[in-house]
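The structure appears right after this line, and notes come after that.
Just so we're on the same page: letters track the sequence lines, and every chain starts at 1. All heavy atoms count here, side chains included; hydrogens, waters and symmetry mates do not.
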Amino acid sequence: MHPRAGLAGTATSSRQGTDVAEHRGRKHEASGVDTERGTAAPAAQEALAAGRYREAIRHYRALAQAEPADRWAEGLAQAYRGRALELEAKGMPREALAIWGNRWRRCPGALPDPEEIRLLLALDELGAALAAYRELAAAAPGQAAEVQPRLAARYLTAPEAFTELPSDDPVRSHGERAHAALTAYCAGEPRAAAEPLRAIPFRSPYRDFATLLKALLAYPEDPGHSERLLAGIDEASPFARAAAAARLALLPEAELVEALGAVDEPERRFATALRGWSAERYSLWARLYRHSDEATALEARLSVLLERRAELGDRWHRQQLIRYAYHHLPEPLTGELKARLTAADRALLAAWQAERDRPDDPEAALRAWQRAIAALRAAGEPAAGSPQARRIAVIQRYLATALPLEHAGLAHEAEAALAESVALDPDYVPGHQLLSHHRRRQGQPQQAREAAEAALARWPQAPELLQEALEAAVEGQALEAAAGYAQRLLEHDPLNRQARTALYDALLARARSCAAAGEREAAHRALDEAAGWSGSGAGSEQIELARAVIDASHGAETQALRQAAQRHGDGLAGAFAVALEAERLGAGAEALLGQARLLPARARPGRADLLALCSALEQAAGEPPERLQRALAPLRRPLKRAAGLGELTLADYASACEALRAVAEHRLREAFAREALRRRLEAPLFILHALEARHPPEGEGRPTRRELDQLQRAFRSAQAADDKRTAHRLGTLLKRLVPAAGDA
Amino acid sequence: MRDPYLILGIGREADDETVHAAYLAAVKACPPERDPERFEALRQAYEAIRTERHRLAHECLDTAPAGALDLLERAAPVTGPGRPDAEAFRALLRGDG
């Protein structure tokens, strides 16, 4: 114990007695110390400088026994100070305090140290701290100022203990104002608090306190200002802990509840008091958040849910109970829990469980949901548009859109659910739209249009309904009605490209169908109408091409056809456009190309021509494969010649291979790939193209051992070159081909 | 996701207008540039209950249970900010553990 402890009010006291805490072997110390003055003094100084404080103390004490003690008092005081701080840093504050006591006794003239006073305060030795402070303030006011903020913090907790300080001491004189401000703040009188705060000077031991209180006065109206003020309080300040607690109160609630677990009780109390937490909320927080693992946390949440029914509200309580049951509780529910739920709650829970537990059985989920709907109807059929009817409609729409009913052969159930949702919730436009859309997907464009029309009678300008009706009309080949819907859509939205495109596509399709049936006039009429909706240069060119093909196939002059072909790219690309359109219109591509002299002569096509064709092939990849094959047939020979073009780069070969792959033209693709391999042996990409084309998925040929080895090498090579895409494609091809090789 | 009603600070009986007003007020108090996470939570809460059909769907189809904070908010809501008493202050200044 520090000898000053218990001497509050005694400015001077006897510096007598024996050391305490000079533990471990005094005899050894005496015998181990070189008492020869000549060597002891340097040894003491060296130990002190090196931070070997225990050794320094032994040397200095030995010196002090041989010579006047005050000669060595300063060195001994420094050694004691170092040792005390060392012990405190090791977490031994009481032992450190004993060393400070030894310093006081053994070092006449040594003033109390600010660190000593700080430790006395930390150990709640307020009387001793004040005694030391008074002694220090009288002799060294500059040093005493260092410790004043700590005394200031303690003044605010017990001002009556400071009456023996001089009345002009700032700890006391400023403290009276600070205490008045604090008292007013805690009493809920912010104005009364602000006034004494203003009277505290900038250079005051209460400066951080004043900042803290200003931050609290700004909370919660101006949290940004509070935060800035609190950030100005240094971590070493005696007010830092209160500032940290106040900063906690600035956190969003979700972060606060988590952060509270990491601080001590006083900080928690302070922060939650600022947030206005009741004692009830505080104890509930402790119950819900202070858990070591998720299992006990869940248990706590569940017990709160079960116990606090009244505070939580019956409806919310039940809603959460079924959610906890769904996620966490064993089945079946106990009688007590079950009794808390209504029949509708239990049916809803059963529907969720059916959907979760039988993901491959949409019918089971559907039936469970239907039972949930029946439970909602138990009290009577709800009136259309009522909340209960809308609740059922929400479920019906969910059934039709989220469960895979169509894939399970339950499309009619989805239709019934959507029809009922419309009947129960007739004010909901998307419900009508869903019903119409569902019918279109089921190949019932007429019924789809009826659904859309029924809704349009009520909302004639609703764009989503008009679009739905337009698409239903197009699918049902009711093109005049479709034009009407498109007109209505475009009146309100002239830039609606979707409407224009739908109608243009439908009219073009009708023209092609008429041409294929030999109805040339009807085809032209449809093309005339389509021209009004084409909206772009490409659309007009397509119409002109179709017109030219229809006319040429009926024996007309082929000049217009050649011009139309040129607009699609001279050479191979133009010829392909004509051939494809001819096939769409039911006219023979080869004959028409010959008639119009559009087949290239024997000369090899140029590089630009080939690349234009590649681009056209990519665009046509969605056409039926047979149609593409027939359209490409007259072009195969010139294309094969193009494979040997000297001007082609490897990138051109890659483009050609990809385009030919897109239209499943395997032989030509292999030819291009082999030609590329002649230029770059073993290039992984072209080995892929060559072997994939040679062994297409639908082909029956088996790869040879040599081909598989080649594929393996290409795979490794692509991996080594970090060509991930090619490596992936080669890997996929290998997987497909290797079983076949095994068979061989 | 946490209970969207509690995130927006509104009751179960709130209508579209109330939900919208609560969302706007919350976003104004906590704009995305200040706290993007909080803003995202507000936005998700708003999307979940912004219309009556959304609210009904949330009630019937959202199976997520309330978390600890939801229970806390619901069972012991905060009525407004407060202030620590003198003893709470003294405990911190004394350095109580």
Margin query: Can you tell me which portion of A:Ala152 sits under 4.5 Å from chain B's heavy atoms? Options are side chain, backbone, both or neither.
Written below: neither

Notebook entry, point to check: Between A:Glu311 and B:Arg74, is the closest basic N to carboxylate O distance under 4.0 Å?
Noted result: no

Checklist line | Neighbour count above 12 (heavy atom, 6.0 Å) for B:Glu37 CD | finding: no

Margin query: Rounded at 0.5 Å granularity, tell me how far CZ in A:Arg397 sits from CG in B:Leu56.
Written below: 9.0 Å

Next item on the list: With a 4.5 Å cut-off on heavy-atom pairs, point out which of A:Leu284, A:Leu216, A:Asp264 contacts chain B the most.
Entry: A:Leu284

Note to self: Within this structure, what is the CD-CG distance for the pair A:Gln319 and B:Asp3, rounded to the nearest 0.5 Å?
What the structure shows: 8.5 Å

Check: Distance-only, no hydrogens or angles: does the A:Arg281 side chain make a donor-acceptor pair with backbone N or O of B:Ala76 under 3.5 Å?
Finding: yes

Check: Which distance, rounded to the nearest 0.5 Å, do you find between the CD1 of A:Ile322 and the OG1 of B:Thr63?
Finding: 9.5 Å

Next item on the list: Please check if the side chain of A:Tyr324 supplies one atom and the backbone of B:Ala66 the other of a donor-acceptor pair under 3.5 Å.
Entry: yes

Next item on the list: Scan residues 78-93 of chain B for pairs that pass side-chain hydrogen bond (donor to acceptor under 3.5 Å, both in side chains), counting only residues two or more places apart or in two chains.
Entry: B:Glu87-B:Arg90, B:Glu87-B:Arg94

Note to self: B:Asp62 vs A:Arg323, test: salt bridge (charged side-chain N to carboxylate O under 4.0 Å, His left out). Steps then yes/no.
What the structure shows: CA-CA 9 Å; B:Asp62 188 332; A:Arg323 282 160 174 81; 5.2 Å; no

Checklist line | Side-chain heavy atoms of A:Thr183 within contact of B:Phe89, under 4.5 Å | finding: no

Check: Which atoms of A:Leu182 come close to chain B, meaning under 4.5 Å heavy atom to heavy atom: side chain ones, backbone ones, both, or neither?
Finding: side chain

Notebook entry, point to check: Taking atom CG of A:Leu156 and atom CG of B:Leu92, what is their separation to the nearest 0.5 Å?
Noted result: 12.0 Å

Next item on the list: Just give me the residue among A:Arg241, A:Glu253, A:Arg301 that pairs up with chain B most often, heavy atom to heavy atom, under 4.5 Å.
Entry: A:Arg241

Margin query: Is A:Glu267 close to chain B through its backbone or its side chain, or both, or neither, when contacts mean heavy atoms under 4.5 Å?
Written below: both

Checklist line | A:Leu348, part contacting chain B, at a heavy-atom distance under 4.5 Å | finding: side chain

Note to self: Can you tell me which portion of A:Leu274 sits under 4.5 Å from chain B's heavy atoms? Options are side chain, backbone, both or neither.
What the structure shows: both

Next item on the list: Considering only heavy atoms and a distance below 4.5 Å, find which of B:Pro77, B:Gly95, B:Ala68 pairs most often with chain A.
Entry: B:Ala68

Next item on the list: Would you mind reporting whether B:Pro84 and A:Tyr185 have side-chain heavy atoms less than 4.5 Å apart?
Entry: yes

Check: Can you tell which of A:Ala402, A:Gly188, A:Gly313 has the highest number of heavy-atom pairs within less than 4.5 Å of chain B?
Finding: A:Gly188

Note to self: Is A:Pro387 in contact with chain B via its backbone, its side chain, both, or neither, using a 4.5 Å heavy-atom distance?
What the structure shows: both

Checklist line | Per-residue contacts, residues 9-24 of chain B versus chain A, heavy atoms under 4.5 Å | finding: B:Arg12

Notebook entry, point to check: Which bit of A:Ile392 is near chain B, if near means a heavy-atom gap under 4.5 Å: side chain, backbone, both or neither?
Noted result: neither

Margin query: Could you tell me if the side chain of B:Val78 sits less than 4.5 Å from the side chain of A:Arg275, heavy atoms only?
Written below: no

Next item on the list: With a 4.5 Å cut-off on heavy-atom pairs, point out which of A:Phe270, A:Trp316, A:Tyr428 contacts chain B the most.
Entry: A:Trp316

Item checked: Between CZ on residue A:Arg391 and CZ on residue B:Arg53, distance to nearest 0.5 Å -> 12.5 Å

Margin query: For A:Tyr219, which atoms come within 4.5 Å of any heavy atom of chain B: side chain, backbone, both, or neither?
Written below: side chain

Note to self: Is A:Pro220 close to chain B through its backbone or its side chain, or both, or neither, when contacts mean heavy atoms under 4.5 Å?
What the structure shows: side chain

Next item on the list: For each of B:Ala88, B:Cys30, B:Gly80, tally heavy-atom pairs with chain A at distances under 4.5 Å, and name the one with the top tally.
Entry: B:Gly80

Check: Does any heavy atom of chain B fall under 4.5 Å from the side chain of A:Arg315, the backbone, both, or neither of them?
Finding: side chain

Item checked: Side-chain heavy atoms of A:Trp277 within contact of B:Leu72, under 4.5 Å -> yes

Notebook entry, point to check: Where on A:Leu213 is there a heavy atom nearer than 4.5 Å to chain B: the side chain, the backbone, both, or neither?
Noted result: side chain

Notebook entry, point to check: Does any non-hydrogen side-chain atom of B:Pro65 lie less than 4.5 Å from one of A:His328?
Noted result: yes

Notebook entry, point to check: Counting heavy-atom pairs under 4.5 Å to chain B, which of A:Ala242, A:Cys186, A:Ala351 comes out on top?
Noted result: A:Cys186

Notebook entry, point to check: Would you say the side chain of A:Tyr289 lies within less than 4.5 Å of the side chain of B:Leu69, judging by non-hydrogen atoms?
Noted result: yes

Item checked: Proximal component of A:Asp345, with respect to chain B [non-hydrogen, under 4.5 Å] -> neither

Margin query: Tell me the closest heavy-atom pair linking B:Asp35 and A:Pro252, and the distance in Å.
Written below: OD2-CG, 3.8 Å

Check: What part of B:Glu59 lies closer than 4.5 angstrom to a heavy atom of chain A: side chain, backbone, both or neither?
Finding: both

Note to self: Can you tell me how far apart CG (B:Leu93) and CZ (A:Arg154) are? Round to the nearest 0.5 Å.
What the structure shows: 9.0 Å

Item checked: Considering all heavy atoms, the nearest A:Trp352-B:Leu61 contact -> NE1-CA, 4.3 Å

Check: What option among B:Gly67, B:Ala57, B:Ala75, B:Ala91 has the most heavy-atom pairs under 4.5 Å with chain A?
Finding: B:Ala75

Note to self: Given heavy-atom pairs under 4.5 angstrom as the criterion, report whether the side chain, backbone, both or neither of A:Tyr326 touches chain B.
What the structure shows: side chain

Note to self: Using heavy-atom distances under 4.5 Å, tell me whether A:Arg356 contacts chain B through its side chain, its backbone, both, or neither.
What the structure shows: neither

